[in-house]
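Report on one structure; see the data block that follows.
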Amino acid sequence: MTGSAIRDAIPTGRGGRASARASARLRVHMDPLRLGLFLLTIVTVSRIHQHFGFIARFRPALLLVAITAVYAYLNPKKLSTWGMLKTWPAKLMVALLVFACVSAPFGLSLGGSASFIIGDYSKTLIYAFLLIAAIRGAADLYTLVWAYVVSSGILVWMSLFVFGLSQASDDALARLSHLYTYDANDVGLVLIVGLALTLLAMQTAGTKGKFACVVVVAGIGATIARSGSRGAFVGLAAFGLALLLLLHAIPIAKRIGFLVATVFALAIAAPPGYWTQMKTIFAPTEDYNWTTTDGRKEVALRGLGYMLDYPIFGVGMNNFWRAECFFSSKADESLPGVGIRCTAPHNSYVQAGAELGLPGLVMWAGLVFGGVGAMIRLRKRLPRAWARGDPEERFLHLSTTYLAVAMIGFGVSALFVSFAWLDIVYILAAFMSGLYMAVHSKLRQDAALASSANIPPPAAPAPPAAAWRQPGFLPPPRG
C-alpha cells in the first residue's frame with residue numbers, strides 16, 4: 001500500500017484525510033539553511049556574481065558557505081548526518097579527498113597540489129556535504145533541484161542576452177565568448193545536467209512552475225547551439241538516448257516531445273556554420289584536434305603517459321599543466337625562446353587518471369558510472385505504485401531516472417572538458433545521497449501512517465516499511 005493509499009484510508013475528522021493529503025504536497029522548503037544553499041547553488045552554477053561586480057565584492061560563495069555552516073552547527077536538528085556517513089557517494093567523495101592528500105607529496109609539486117586542495121577542492125566537497133546534510137526528505141531535494149533549475153535559467157539568460165558571439169579567423173562558426181570562468185564547452189556540460197533537472201522539476205510543478213521549466217528547456221537548447229560545442233552536441237545526443245530508454249514512467253510521446261522542443265530551439269538559435277561544425281564529428285581525423293600537438297588526441301595520449309609514469313599517485317591534483325610545460329615530450333622538443341602552451345587535459349577522465357593515478361581514476365569514474373547504476377537499481381526497488389502515487393512518491397520515483405540521465409549526460413560531456421574537480425559531478429553525487437535519505441524518510445513515514453491507522457500491511461508485495469531490508473537498500477537511518 002502506497003502513502004497516498006494509506007492517507008485515503010485514514011478517517012476524516014480532526015487532522016483527518018484532508019490534512020494528510022495536504023501534507024503530501026511537494027513544496028519548496030526555504031528555512032535559513034535551505035535558503036542559504038539555494039543561493040549558494042545559484043552562485044556556484046550560474047556564476048552570476050561575476051557579471052554583477054557589486055555582488056562579487058562580497059565574495060558571496062565564501063559568505064554563504066560560512067553562514068550555512070554556522071547555522072547548521074547551531075541547529076543540528078535541521079540536518080541529516082546519516083546521509084553524510086552512510087551513503088556510498090559520500091564515502092567515495094571522502095576517499096577521493098583523502099587520496100588526493102596522500103598522493104600530493106608524490107606528484108610534481110606538493111605546494112601546487114596542496115594549495116589547490118585547500119583553496120578549491122575542499123570547498124567543493126564542503127558544499128557537497130552541506131547539500132547532503134540539508135536533504136532530509138523529498139521537499140528538501142525538490143528545493144535544491146529547483147536551485148539548479150534557477151541557475152540554469154540565469155546561465156541561459158546570460159548566454160542569450162549578455163555573452164556575445166565571436167568568430168576565430170580560421171573558423172566559419174561564430175560561438176559564445178567572454179563567459180567569465182566558463183568557456184563554451186563548459187556551458188554545454190552545465191546545461192545538459194540542468195536540462196535533466198529542469199525536466200524533473202517540471203513533472204511535479206504547478207502551472208507557473210511548468211511554464212518556467214518550458215522556457216528554461218527551450219533556452220538550454222538555444223544556448224547549446226550558440227556554444228558551438230561539439231562535445232555538448234554529443235552529450236545532448238547521449239542525454240536524449242538515455243531519456244528515451246530509461247524514463248519508463250513518462251509516456252514515449254511526452255519523452256519525444258521533450259527532445260523535439262529542445263532540438264527545435266537548438267535549430268532556431270543555431271548560428272551560421274553550426275551544422276557544418278557538427279558534421280566534423282564524423283570525420284575526426286581531419287580535425288585540428290587530431291593533427292596538432294595541442295589537439296585533444298595528443299593531449300590525451302600525453303595524459304595517459306603521465307598516468308603510466310605515475311600509476312599509483314599520479315602527477316598530483318592540479319599538476320597536469322605543470323607536466324605539460326616542464327615534463328612532457330612537447331616540452332622536451334620545444335625550441336629555446338619559443339613559448340609553450342601549458343595545456344589543460346580537456347578530458348575529465350584523463351585529468352583524473354593523470355593527476356591521481358589509476359586509483360583516482362577508478363574512484364572518480366565510480367561517481368559517474370556507479371551513480372548511473374545505483375539510481376537504476378534504486379528505481380527497481382521502489383514500490384511500483386510510487387510512479388503514480390502522491391507528489392512526493394512520484395518525485396522520488398522520477399528522481400532515480402532523471403539523476404541517472406543527468407549523470408549520463410555529464411559523463412559523456414566530460415570527455416571534452418576538464419571537470420574532474422569542479423562542482424557539477426559532486427552536486428549530482430550529493431543529490432543521489434540525498435535521494436537515498438528521502439526515500440528512507442518516505443518509507444518510514446508511510447509505515448508510521450499505516451501503524452497509526454491500524455491498517456494491516458498487505459501480504460504481497462512487501463510493505464514499504466520492509467523495503468529498506470531488500471537487497472541493495474541501505475539500512476534505515478536512526479533518529
Side-chain angles (χ1 to χ4, degrees), residues 42-56 61 151-195 216-236 262-263 265-281 284 287-296 299 320-321 324 339-348 351 409-410 412-419 422-424:
I42 290 175
V43 169
T44 300
V45 176
S46 73
R47 312 291 174 89
I48 189 171
H49 59 292
Q50 295 178 328
H51 180 63
F52 296 102
F54 71 93
I55 298 178
S151 304
S152 299
I154 293 171
L155 196 53
V156 163
W157 165 70
M158 290 195 294
S159 298
L160 296 181
F161 302 107
V162 176
F163 303 140
L165 298 178
S166 65
Q167 185 174 351
S169 57
D170 58 345
D171 195 347
L173 174 66
R175 58 190 305 183
L176 286 173
S177 60
H178 307 298
L179 281 74
Y180 308 129
T181 56
Y182 286 141
D183 67 14
N185 295 310
D186 298 340
V187 166
L189 179 146
V190 173
L191 289 182
I192 285 173
V193 173
L195 181 59
V216 173
V217 167
I220 288 173
T223 301
I224 289 176
R226 286 170 63 88
S227 74
S229 170
R230 290 173 290 187
F233 186 84
V234 173
L236 183 62
T262 306
V263 173
L266 183 149
I268 292 296
Y274 180 79
W275 296 110
T276 301
Q277 177 82 341
M278 296 307 108
K279 289 179 183 178
T280 63
I281 295 172
D287 189 74
Y288 73 93
N289 278 309
W290 190 274
T291 57
T292 63
T293 301
D294 288 325
R296 294 180 185 274
V299 172
F320 191 97
W321 69 270
E324 283 286 275
I340 184 171
R341 184 180 177 186
C342 302
T343 319
H346 298 306
N347 183 312
S348 299
Q351 181 183 17
F410 172 86
V412 173
S413 302
L415 289 165
F416 306 96
V417 293
S418 308
F419 260 61
L422 298 183
D423 298 277
I424 304 303

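FYI, side chains are in, hydrogens and waters are out, and symmetry mates aren't considered; it's all heavy atoms of this structure.
Between the side chain of Ser348 and the backbone N or O of Val417 there is at least one donor-acceptor pair closer than 3.5 Å. Between the side chain of Asn347 and the main chain of Phe416, no donor-acceptor pair closer than 3.5 Å is present.
Applying the salt bridge (Lys or Arg N to Asp or Glu O under 4.0 Å) test to residues at least two apart or on different chains, none of the pairs has a partner in residues 219-229.
Of all heavy-atom pairs between Leu189 and Ala414, the closest is CD1-N, 3.7 Å. The two atoms that bring Ala344 and Val299 nearest to each other are O-CG1, 3.6 Å, heavy atoms only. Here the shortest heavy-atom pairing between Ile220 and Gly194 reads CD1-C, 3.9 Å. Considering every non-hydrogen atom in both Ala225 and Pro271, the closest pair reads O-CD, 3.4 Å. When all heavy atoms of Gly235 and Val412 are compared, the pair lying nearest together is CA-CG1, 3.9 Å. Nearest approach of Ser229 to Ala184, heavy atoms of both residues: CB-O, 4.2 Å.
Dense packing is recorded around CZ of Phe52, with more than 12 heavy atoms of other residues, nucleotides or ligands lying under 6.0 Å away.
If you take OG on Ser152 and CD1 on Ile42, they are separated by 10.5 Å, rounding to the nearest 0.5 Å. Note that CH2 of Trp157 is 9.5 Å distant from OG of Ser46, once rounded to the nearest 0.5 Å. Ile224 contributes atom CD1, which lies 11.0 Å from atom CG of Leu176 (distance to the nearest 0.5 angstrom). Considering CD1 of Ile192 and OG1 of Thr223, their distance stands at 11.5 Å, rounded to 0.5 Å. A distance of 14.5 Å separates CZ of Arg341 from CH2 of Trp321, quoted to the nearest 0.5 Å. To the nearest 0.5 Å, atom CH2 of residue Trp275 and atom OG1 of residue Thr280 are 12.5 Å apart.
Using modelled atom types and a 3.5 Å distance limit, the side chains of Thr343 and Glu324 yield a donor-acceptor pair.
Residues passing the salt bridge (Lys or Arg N to Asp or Glu O under 4.0 Å) test with Asp183: none are found, sequence neighbours excluded.
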Asn185 and His346: CA distance, side-chain angles, deciding distance, side chain to side chain contact (heavy atoms under 4.5 Å, CB included) verdict:
CA-CA 10 Å; Asn185 295 310; His346 298 306; over 6 Å; no
Going through the distances and angles, do Leu195 and Leu236 end up as a side chain to side chain contact (heavy atoms under 4.5 Å, CB included)?
CA-CA 9 Å; Leu195 181 59; Leu236 183 62; 3.8 Å; yes
May I have the step-by-step check of side chain to side chain contact (heavy atoms under 4.5 Å, CB included) for Arg47 and Val190, ending in yes or no?
CA-CA 11 Å; Arg47 312 291 174 89; Val190 173; over 6 Å; no
Side chain to side chain contact (heavy atoms under 4.5 Å, CB included) assessment of Leu155 paired with Tyr182
CA-CA 10 Å; Leu155 196 53; Tyr182 286 141; 4.3 Å; yes
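Below 30°, between 30° and 60°, or above 60°: for Phe233 and Tyr274 the angle between ring planes is above 60°, a perpendicular geometry.
Counting only heavy atoms from C-beta outward, the side chains of Phe320 and Gln351 never approach each other to under 4.5 Å.
If you run salt bridge (Lys or Arg N to Asp or Glu O under 4.0 Å) between Asp287 and each of Lys279, Arg296, Arg230, only Arg230 comes through.
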